[in-house]
Amino acid sequence: MADAEPQAKRPTRSRAAALPLPECVALVLQGGGALGSYQAGVIEALGEADVEVDWVAGISIGAVNAAIVAGNPPERRIERLQAFWDTATSALPSFPIYPQDQVREFVHEWSAGAVMLMGVPGFFTPRPVPPTFATPGTPEALSFYDSAPLAKTLDALVDWDLLNKGPVRLSVGAVDVESGNFRYFDTTTDRIDARHIMASGALPPGLPPVEIDGRWYWDGGLVSNTPLTHVLDHQSCDTLVFQVDLFSATAEMPRTILDVAAREKEIRFSSRTRAISDERLRLRREREAIRRMLAKLPPELCEMPEVRRLADEADEWPVNIVHLIYRANAWEGGARDFEFSARTMREHWTAGRAAVDETIANAQLVASNILDGKTAAFDLTRR
């Protein structure tokens with residue numbers, strides 16, 4: 001935890017359960033494929049707790065969930081999220097619960113293999129001809145799957161006018177294929193449609209790049225799997241951030257080769273998220289020290305141009321970051337982000353709801369920081 005300099009008690013716009021809400025509540029959704037149903041559970045539980053989201057930022061599958069949130073009125077969001085996830089998991093049977101983790105892991109891996117062969121309904125389908133036999137430079141030569149079904153799904157589930165003009169700000173990240181530069185598309189500066197959401201989730205070599213205004217884009221997770229940086233860089237008021245992490249930084253020592261594959265993916269995707277969070281909180285501690293030092297200067301020194309510039313550089317709005325981290329079951333291997341079965345989706349969804357319920361029940365410290373204007377990061381769920 002990193003606390004900033006205490007400030008005067010701050011008015012809050014409302015109280016959701018045990019949690020007062022600052023002027024802005026942001027929901028940060030990272031990439032993770034099939035694990036995105038955990039985010040849907042988080043979104044549902046936040047709504048039931050009367051936590052009103054003002055800004056939602058997403059990468060990859062997080063961009064899909066984010067678009068559905070921003071592109072629907074509150075009373076229809078869960079219905080539309082459920083429609084997306086029911087469609088995405090409709091191709092696989094709903095397996096019974098197995099008593100042994102080894103059996104469940106086998107079914108889990110089999111389900112992921114079926115997705116590789118058949119694709120995901122309403123999301124992507126396998127190309128009839130392998131890309132190595134397609135004409136170079138065409139979309140067919142650049143990916144194993146066609147993501148055209150996702151465009152139709154998004155158009156059916158998202159009100160694009162509401163998304164672009166409504167009360168919830170939306171930001172999605174993608175990577176320019178040719179320059180390698182990361183770019184955020186934001187409803188405060190861009191008109192977003194299905195292409196921007198698809199670009200944010202166009203993970204190669206599975207999915208093809210998406211063209212927007214003459215540039216081609218891939219999945220933003222290639223550079224950063226979390227849009228937290230964008231939210232903090234454009235923060236303009238006291239902010240509460242719910243960061244939904246789909247890969248845990250900590251886990252037990254692997255025991256099998258499948259465990260190794262799963263753990264490698266967790267570390268690869270979570271390390272960048274953790275590095276961003278740690279770096280931003282470290283920077284805020286340094287700015288706090290500068291502000292405390294400047295407060296001790298005599299008035300005549302405070303008017304010096306160099307001091308005023310330093311004061312401007314050190315000035316910032318408080319932020320509280322609440323981490324909601326998905327922690328995988330023992331039977332979930334390295335293909336967990338590719339396993340779109342209905343039973344697993346429902347289990348992920350339930351886990352997201354439980355994480356919010358537990359956080360709200362243990363949110364006294366977050367609440368006091370919001371009221372006092374402190375900056376901190378929290379993980380209030382059981383490990």
Side-chain angles (χ1 to χ4, degrees), residues 26-46 49 51 56-66 68-69 78 81-82 84-85 88-89 101 104-105 108-109 111-112 115 201 203 221 224-228 241-252 254 258-259 261-277 321-362 377-383:
L27 184 60
V28 172
L29 307 176
Q30 69 171 214
L35 297 174
S37 52
Y38 176 83
Q39 297 172 345
V42 166
I43 293 164
E44 182 178 39
L46 287 176
V51 176
V56 59
I59 299 286
S60 198
I61 194 64
V64 174
N65 286 329
I68 294 174
V69 169
I78 304 309
L81 282 169
Q82 190 70 64
F84 172 79
W85 286 101
T89 58
D101 285 341
R104 182 66 192 272
E105 185 171 9
H108 173 73
E109 297 294 334
S111 298
V115 168
L203 184 63
S224 174
N225 203 38
T226 177
L228 178 62
V241 176
F242 290 95
Q243 176 164 288
V244 188
D245 299 334
L246 299 181
F247 297 93
S248 175
T250 60
E252 296 181 356
L258 293 178
D259 293 342
R263 187 65 188 131
E264 182 275 334
K265 186 172 288 186
E266 282 182 329
I267 293 173
R268 175 156 44 93
F269 284 112
S270 68
S271 60
R272 178 63 176 162
T273 300
R274 182 171 52 180
I276 290 173
S277 300
I321 303 172
V322 176
H323 295 277
L324 300 169
I325 305 172
Y326 178 68
R327 295 180 172 91
N329 297 291
W331 46 264
E332 291 186 277
R336 71 185 65 157
D337 56 336
F338 215 65
E339 203 265 81
F340 284 82
S341 70
R343 177 168 297 282
T344 302
M345 178 271 288
R346 289 194 294 270
E347 291 178 353
H348 291 160
W349 192 301
T350 300
R353 289 181 51 88
V356 173
D357 292 343
E358 191 170 359
T359 296
I360 294 296
N362 295 281
F378 304 89
D379 175 8
L380 302 177
T381 57
R382 285 190 296 267
R383 296 184 182 276

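With a 4.5 Å cut-off on side-chain heavy atoms, R327 and I325 count as touching.
Note: F378 and H323 fail the aromatic proximity criterion, with ring centroids not under 6.0 Å apart.
Side-chain atoms of W349 and Q82 include no donor-acceptor pair closer than 3.5 Å.
Relative orientation of the Y326 and H348 rings is perpendicular, given thresholds of 30° and 60° on the angle between their planes.
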V244/V28 under side-chain contact (heavy atoms from CB on, under 4.5 Å): CA gap, chis, key distance, verdict | CA-CA 6 Å; V244 188; V28 172; over 6 Å; no
Trace of the side-chain contact (heavy atoms from CB on, under 4.5 Å) decision for I61 with L35 | CA-CA 8 Å; I61 194 64; L35 297 174; over 6 Å; no
For side-chain contact (heavy atoms from CB on, under 4.5 Å), just list the numbers for T226 and I59, CA-CA rounded to whole Å, side-chain angles, deciding distance to a tenth of an Å, and then say yes or no.
-> CA-CA 6 Å; T226 177; I59 299 286; 5.9 Å; no
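Remark: side-chain polar atoms of S224 are not paired, donor with acceptor, to backbone N or O of G221 under 3.5 angstrom. The backbone N or O of A34 lies less than 3.5 Å from no partner atom in the side chain of D337, so there is not a single donor-acceptor pair. No donor-acceptor distance shorter than 3.5 angstrom exists from the side chain of Q243 to the backbone of V322, with no hydrogens or angles considered. At least one donor-acceptor pair closer than 3.5 Å links the side chain of E339 to the backbone N or O of S341. Of the possible polar contacts, one joining the E332 side chain to the N329 backbone as a donor-acceptor pair under 3.5 Å is found. Counting only distance, with no hydrogens or angles, the side chain of Q39 and the backbone of Q30 share a donor-acceptor pair below 3.5 Å.
Among all heavy-atom pairs drawn from N65 and G36, the shortest one is ND2-O, 3.1 Å. The nearest pair of heavy atoms linking W85 to G33 is CH2-O, 3.6 Å. When all heavy atoms of A57 and P227 are compared, the pair lying nearest together is O-CG, 3.4 Å.
In this structure, the separation between CZ on F247 and CZ on R263 is 11.5 Å, given to the nearest 0.5 Å. Residue F242 holds its CZ atom at 7.5 Å from OG1 of T359, rounded to the nearest 0.5 Å. Interatomic distance, D245 CG to L29 CG, rounded to the nearest 0.5 Å: 10.0 Å. Within the model, atoms CG of N225 and OG of S60 stand 7.0 Å from one another, a figure rounded to the nearest 0.5 Å. Considering CG of N362 and CG of D357, their distance stands at 11.0 Å, rounded to 0.5 Å. From I360, atom CD1 reaches atom CG of L46 across 7.0 Å, with rounding to the nearest 0.5 Å.
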